[in-house]
Each structure stands twice: as C-alpha cells, then as structure tokens.
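Okay, so here's the structure we're looking at.
Proteins get letters first, then strands, A, B, ... in listed order; numbering begins at 1 in each.
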Number of protein chains: 2
Amino acid sequence: MAVRQGLDTETVLQAAIEIADVQGIEQVTLAALAAKLNVKTPSLYNHIKGLPDLRRLMSQRSLQDIKAAMVDAVIGKSGDEALLAAGFAYVNFARNQPGLYDAMAALPDLEDPQVKEASTQVVMFILRLLASYSLSEEDALHVVRGFRSIVHGFSSLEMKNGFRMGLERNESLRRLLTTYLRGLSVTS
Amino acid sequence: MAVRQGLDTETVLQAAIEIADVQGIEQVTLAALAAKLNVKTPSLYNHIKGLPDLRRLMSQRSLQDIKAAMVDAVIGKSGDEALLAAGFAYVNFARNQPGLYDAMAALPDLEDPQVKEASTQVVMFILRLLASYSLSEEDALHVVRGFRSIVHGFSSLEMKNGFRMGLERNESLRRLLTTYLRGLSVTS
DNA sequence: TTGACTAAACTAATGACATTAGTTATATTA
DNA sequence: TAATATAACTAATGTCATTAGTTTAGTCAA
C-alpha cells in the first residue's frame with residue numbers, strides 16, 4: 001500500500017466533475033472523491049486546499065468551458081444567428097454537464113479573483129457578439145444581463161425538472177431567445 | 001430543564017427561514033435551528049421528519065409566497081403592465097428573502113407532490129395573466145417558460161453577485177421584461 | 001550509486017453534524 | 001385524579017472535513 005497514484009490537481013478536479021455530473025453536486029464529498037481515486041481523504045489535501053477550494057476550482061472551470069462552448073458555437077455566425085447559437089450552446093453545456101454547471105451556479109459568492117476573471121470573460125464574449133448592434137456601452141451591458149438571465153434561468157429550471165409540461169424544450173428556448181432578440185430589434 | 005417550548009412545525013419552519021435569510025441557506029442546519037429554538041437537535045424530529053423534509057417545506061412555502069406576492073402585485077393591472085409588475089414582484093421576493101428563495105432554487109428535484117402542486121399554482125397564475133393575449137394553449141405555455149426563465153435567471157444571478165457592473169439593476173430588469181414583451185407583441 | 005531532499009501518501013485524532021433508539025416529564029383529557 | 005399522548009431529553013452511531021504528525025516513494029546532485 002501507499003502506492004503513489006500520481007495525482008495532481010487536475011486529476012482530482014476531473015474526478016470531482018465526473019462525480020458531480022453523474023451523481024449530482026451534493027455527492028461531491030472528499031470521502032467519495034478519495035474513494036474514487038483509491039486514496040485516503042487526507043491525501044487530497046496535497047492537491048486541493050479543501051472542499052471550498054475544490055468548489056471554487058469547479059466554478060472557474062465551468063465558466064471557462066461554457067465560454068469555450070459558446071465561442072465554438074458562433075464560428076462563422078454573426079448577429080441574431082450568433083446570439084441564438086451561443087444561447088443554445090450555453091444551455092446544452094448545462095444539459096451535458098449538469099453537475100459542473102451546478103457547481104458554478106451553487107457557488108455562494110463570486111468573490112474569488114480567478115472565478116471573477118472567468119466570469120468577466122463570459123461577459124466580454126457576449127459584448128463582442130453585440131458589437132454589430134451599435135448599442136451604447138450602457139445599453140449593451142443591460143442586454144448582456146438580459147441574455148445571461150435568460151440562458152441561466154432556462155438552464156436552471158430545466159435542470160431541476162421545473163418544466164413539467166410535455167412541451168418541446170428546445171422550441172421553448174428558441175422562442176424565448178428569438179422573442180427577446182425581436183424585442184431588441186424594434187425601436188420601441 | 002426540559003421546559004416545553006411550545007414548538008410546532010410552523011414555528012420550526014419560520015426559524016429555518018429566518019436563518020436562511022440572514023445567514024444563508026447553507027447555515028440552515030438542525031444544530032443551528034435547535035440552538036435558535038432553545039432545544040436539543042433530536043427534539044426537532046417531533047415536528048419535522050429530518051433535514052430533507054425541512055428543505056421540502058421551505059421550497060413549498062417559497063413557491064406559495066412568491067405566488068402570493070405576484071397575485072398582490074397585479075391587483076388592478078392587466079396585460080403588459082401586469083406581467084411587468086409580476087416580474088418585479090418575483091425578483092423583489094428573491095431580494096427580500098434570499099434564503100427562502102434559495103431553498104426553492106436549491107431543491108435537487110421537484111418530485112414531491114406538494115411542492116409540485118405549489119409550482120403548478122405559479123404556472124397557472126402566469127397563464128391567467130396571459131389570458132388577454134389570445135394565445136393558443138401551446139404558445140402560452142412556451143411564454144410561461146420564458147417568463148419564469150427570465151425572472152428566475154435574473155434573481156439567481158443578482159443574488160450570487162453575478163451582476164458586478166455599476167449598472168442600475170432595476171433598469172436591467174425593466175428592459176429585460178419589456179424587451180421580451182415587445183418581442184411577443186410583434187407578429188414576427 | 002548513494003545520500004539528501006521533496007512531496008505524496010499514510011495513520012490518528014478532533015469536531016461538526018444528522019439520525020435513531022430509548023427515556024423522562026409535561027400537558028391534556030377522560 | 002389517573003391515564004394517555006407527546007414534547008422534550010440522553011446516549012449512541014455513523015458520516016464527513018480537517019489538521020497534525022509520520023512514513024515512504026520518487027528525484028536529483030555529488
């Protein structure tokens with residue numbers, strides 16, 4: 001025993017994400033994580049500072065991956081088409097990695113500098129999608145808040161079984177996003 | 001010692017809500033709750049089945065209170081004005097009772113019949129607000145999903161310090177809701 | 001090759017917490 | 001006033017996170 005498992009922070013993080021996605025975020029305990037990695041719980045402290053630190057790492061990774069998914073989705077697209085694609089990419093990320101997404105959403109506060117930075121990256125990405133709309137800086141920031149509220153709210157409700165009617169979910173999302181975009185295009 | 005405290009389920013629930021709103025949902029432990037009520041932890045089991053049961057009760061109450069707040073907000077209003085008022089009432093509820101709101105949002109699943117019923121009440125309320133729009137049943141259900149996504153997403157992000165730019169938040173919400181409603185009103 | 005060092009694993013211990021079983025004591029009510 | 005129901009209790013167990021201190025496996029320089 002006491003065989004070196006060759007762990008590092010990234011491996012621990014990956015295992016935590018896997019537990020979160022398969023069993024749910026509340027099952028991400030150091031005990032479960034250690035068992036999965038064939039190690040005793042205290043050994044994890046060589047790679048992470050503790051459970052709060054692990055959750056912080058998960059939040060940060062979640063934001064980075066969501067941004068990457070959106071960046072990929074908008075390749076070759078612009079305007080409404082790009083925003084629609086980004087919105088779907090966001091929601092599909094939450095669908096594919098519910099535990100990791102939850103880790104981001106469940107973070108009590110976004111005080112940590114690195115998490116804050118990852119969050120800022122998401123905001124700046126959306127701002128760039130809005131560049132072609134010729135909005136004032138203030139207007140654009142309100143729209144970013146709107147867009148994020150929409151995709152996060154939809155993801156969150158869908159994930160928690162909040163949509164119980166037998167209604168096509170992608171159609172709901174498509175309508176939500178296009179309705180909002182249509183509202184933006186009308187010079188009230 | 002062993003003085004009767006006159007506890008009942010409602011009193012326990014109220015105390016839990018108070019802890020949640022003041023200290024955060026993660027501080028709602030049976031230990032903290034018992035201390036607040038001048039009782040030992042096991043005594044709580046005379047009134048609630050356990051921690052999961054308490055959380056279920058909190059979710060249910062949260063949904064009921066949100067609906068009540070929206071019902072109150074739309075008195076004497078109809079159409080867009082009513083939806084806007086209901087949206088603000090929803091978000092203001094989350095602002096005033098962040099812990100209770102979190103209890104609802106943090107519930108892993110909405111399987112419980114009573115929670116489900118409370119959730120259905122919210123959906124049916126919004127459907128009634130949409131009655132004057134002459135939408136098909138299917139269209140109306142998509143709009144309900146949209147509306148809920150918007151207000152929940154906004155509440156959730158705001159609560160988690162997700163909006164960090166120095167931008168008026170009520171203005172963001174007002175624009176989000178009115179933009180969506182404007183999009184609805186345009187016969188694409 | 002060996003010796004020293006670094007770091008990754010370990011054991012042991014503590015403290016917070018939820019939960020259950022079984023007991024005591026206080027109201028209520030017949 | 002006696003009997004019953006029940007709200008509180010104590011005691012015990014098990015899970016978990018965390019810290020301190022120890023052992024041991026790789027690494028690297030002499």
Taking the side chain as C-beta and beyond, is there a heavy-atom pair between A:L63 and A:Q121 under 4.5 Å?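 Contact flag for A:L63/A:Q121 side chains = no.
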Quick one, A:S149 and B:I150 - any side-chain contact, counting heavy atoms below 4.5 Å?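 A side-chain contact under 4.5 Å is absent here.
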Step by step, work out the side-chain hydrogen bond (donor to acceptor under 3.5 Å, both in side chains) result for A:Q14 and A:E18. CA-CA 6 Å; A:Q14 288 296 339; A:E18 204 170 311; over 6 Å; no
B:D139/A:R175 ion pair, N-O < 4.0 Å: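 Judged by the 4.0 Å cut-off on N to carboxylate O distance, B:D139 and A:R175 do form a salt bridge.
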Hey, would you say the A:Y101 and A:Y90 ring centroids sit under 6.0 Å apart?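 Here the rings of A:Y90 and A:Y101 have centres that are less than 6.0 Å from each other.
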Partners meeting ring-ring contact (aromatic ring centres under 6.0 Å, His included) with A:F163 (sequence neighbours left out):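 Expected list: A:F154.
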Nearest whole Å is fine: how far is [N] [atom2] from [X] [atom1]?
| X | N | atom1 | atom2 | answer |
| --- | --- | --- | --- | --- |
| A:N38 | C:dA9 | CG | P | 11 Å |
| A:K40 | D:dT22 | NZ | P | 20 Å |
| A:L54 | D:dC16 | CG | P | 15 Å |
| B:D8 | D:dA5 | CG | P | 21 Å |

Just checking, any donor-acceptor pair under 3.5 angstrom between side chains of A:T11 and A:D8?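 A:T11 vs A:D8: donor-acceptor pair found between side chains.
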Atom pairs, N/O to N/O, protein against nucleotides 17-19 of chain D, distance under 3.5 Å?
| residue | atom | partner | partner atom | Å |
| --- | --- | --- | --- | --- |
| D:dA17 | OP1 | A:L30 | N | 2.7 |
| D:dA17 | OP2 | A:L30 | N | 3.0 |
| D:dA17 | OP2 | A:A31 | N | 2.8 |
| D:dT18 | OP2 | A:Y45 | OH | 2.7 |
| D:dT18 | OP2 | A:L51 | N | 2.9 |
| D:dT18 | O5' | A:Y45 | OH | 2.9 |

Using the rule salt bridge (charged side-chain N to carboxylate O under 4.0 Å, His left out), only one of B:R55, B:R56, B:K49 pairs with B:D112; which is it?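 Of the listed residues B:R55, B:R56, B:K49, the salt bridge (charged side-chain N to carboxylate O under 4.0 Å, His left out) partner of B:D112 is B:R56.
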What are the atom names and distances for every N/O pair under 3.5 Å that joins the protein to nucleotides 6-8 of chain C?
| residue | atom | partner | partner atom | Å |
| --- | --- | --- | --- | --- |
| C:dA7 | N3 | A:R4 | NH2 | 3.3 |
| C:dA8 | O4' | A:R4 | NH1 | 2.8 |

